[in-house]
Amino acid sequence: MDHDFIDTIYEAAVVPELWKGPGLLDQLARRSQSRDGVLMGVSPDGDFRWIGNDSVVPKMQAYIEGGWGSKNPYLQSEERSRKFAEPRFLMDTDVMSVEEMMESEYYQGFMRPHGCFWHAGTGITSPSGDIIKLSVHRSFEEGPLPKEVTTALTELRPHLARAALLASRLKFEQIKSTVDAMETLGIWAAALKNGRLVVANKSFARLIPGVIRDHRHRIVFAQKAADARWASLLDARVAKLGGSFPIAAEHEHSAMVVHALPIAGAAHDIFNAADLLLAITPVLKDAKVDDGILAGLYDLTPAEASVAREIGLGRSVDEVAKSRDVSVGTVRAQLHAVFDKTGSKRQIDLARLIFGLSK
């Protein structure tokens, strides 16, 4: 047993970034007479994530873009999935015959052309129900992996499984610490994954269920206009870039702004417990005198923030254009952008939202 390599495995357990690139998965592939090392995770609701060494990155991108997951004979067959759930590494030929592989659209259309035809892998079930598959691959031309490869990998499997599960748990604790720290700053914050609530601080939790409802498919905002903006943000995958949207004032609460902040590196990282951070800030009464606050709260440009403030004060488009020595068309275009970003439809709605007036 290579104790130095086992040390490397447990180092990656506490520093999850060490799995990818030229890290642990790359070392595991080379030790297994392979080129590619990849770790894939599938949650109970079908969410798919992965990390891998450098050589497998373009292949996994092609895998996702080509929709090959729907044709993967291991993911789509309960019998084969159960086989990979055994506490050992298996060759592909332990689960499929060579004849089946040669006739498989998946193997002939994806695995062979991308140089990852022969592989050995194992499945690991996390406490959350996620299925993690760890595998190494090499090309068709290089031939099947020697039997001693799976024997050596099986000896390492307990260490690899513990490291993967610990890395996942540590990522969750990092996210929780971030959300809890925002509580001390007076920010109502929560971490989400695919729109679903993962963890929230106490202030955010107090918004449930009056302002926010924790549904199984995703969190839902009680106010229809706000929820429509939230749904649009998720559907358009704007969440990857971040965004902001307002919650208009009600009798029960003042106006608020929701800021969606993507968690860096989450796009293909199975260890990330969340992919989006929500930070909610109340709109203060004195926000009406500060264009900078308006710009920050509603993601407005400086010009848009200035127009929003003046329109909110009751000035007409013509008056604003004249005071700025610009065309009415310019102000109308800026106002349209303000309406779009704040979710308002009328000037009175904009004034109420910006200045936190009750309906």
Side-chain angles (χ1 to χ4, degrees), residues 182 185-189 192 195 207 211-212 218-262 276-359:
M182 296 180 81
L185 299 175
I187 299 174
W188 313 332
L192 286 75
L207 298 176
V211 177
I212 297 170
R218 67 170 174 85
I219 66 168
V220 172
F221 288 85
Q223 197 171 99
K224 289 184 178 180
D227 194 61
R229 294 297 299 273
W230 169 235
S232 176
L233 187 151
L234 289 176
D235 290 345
R237 300 189 182 277
V238 179
K240 293 182 178 179
L241 302 175
S244 301
F245 60 93
I247 299 174
E250 301 276 1
H251 290 297
E252 297 81 7
H253 61 76
S254 63
M256 310 174 204
V257 176
V258 182
H259 302 284
L261 312 169
L276 196 68
L277 190 67
L278 287 190
I280 300 181
T281 53
V283 177
L284 305 176
K285 293 288 186 178
D286 59 4
K288 61 186 178 184
V289 299
D290 191 324
D291 290 353
I293 293 178
L294 288 179
L297 286 174
Y298 295 97
D299 199 24
L300 305 177
T301 67
E304 291 165 356
S306 180
V307 167
R309 176 174 53 79
E310 295 205 32
I311 293 295
L313 289 171
R315 296 191 177 97
S316 68
V317 170
D318 289 343
E319 289 173 331
V320 175
K322 186 175 181 180
S323 68
R324 280 164 170 64
D325 195 24
V326 297
S327 70
V328 169
T330 296
V331 174
R332 289 192 186 280
Q334 292 169 335
L335 182 59
H336 178 77
V338 170
F339 282 157
D340 183 58
K341 292 179 179 180
T342 63
S344 304
K345 295 182 179 179
R346 301 173 301 165
Q347 292 184 21
I348 186 62
D349 296 331
L350 179 62
R352 286 172 174 166
L353 182 61
I354 290 175
F355 304 132
L357 302 179
S358 61
K359 290 184 176 179

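All residue numbers in this chain count up from 1 along the given sequence.
Considering every non-hydrogen atom in both E304 and V338, the closest pair reads O-CG2, 3.4 Å. Summarising the geometry of A305 relative to L300, their closest heavy-atom pair is CA-CD1, 3.7 Å, with the distance given to 0.1 Å. The heavy-atom pair separating A279 from I187 by the smallest distance is CB-CG2, 3.7 Å. Between L335 and I311, the closest heavy-atom pair is CD1-CG1, 4.0 Å. When all heavy atoms of V317 and Q347 are compared, the pair lying nearest together is CG2-NE2, 4.3 Å. Shown here for M256 and W188, the closest heavy-atom pair between the two residues is SD-CZ3, 3.6 Å.
For R315, the side chain to side chain contact (heavy atoms under 4.5 Å, CB included) test picks out E310, L313, E319, V320, with sequence neighbours left out. Residues that satisfy the side chain to side chain contact (heavy atoms under 4.5 Å, CB included) test with D325, not counting sequence neighbours, are absent from this structure. For T330, the side-chain hydrogen bond (donor to acceptor under 3.5 Å, both in side chains) test picks out S327, with sequence neighbours left out. Remark: R229 pairs with no residue by the side-chain hydrogen bond (donor to acceptor under 3.5 Å, both in side chains) rule, at least two apart or across chains. Every side chain to side chain contact (heavy atoms under 4.5 Å, CB included) that A303 has, sequence neighbours left out, goes to T301, Q334.
No side-chain heavy atom of I212 sits less than 4.5 Å from a side-chain heavy atom of L278. Between I280 and V211 the shortest side-chain heavy-atom distance does not fall below 4.5 Å.
From L185, atom CG reaches atom OG1 of T281 across 12.5 Å, with rounding to the nearest 0.5 Å. Considering CG of L276 and CD1 of I219, their distance stands at 8.5 Å, rounded to 0.5 Å.
The closest donor-acceptor contact from the side chain of W230 to the backbone of G195 lies at 3.5 Å or more, if one exists at all.
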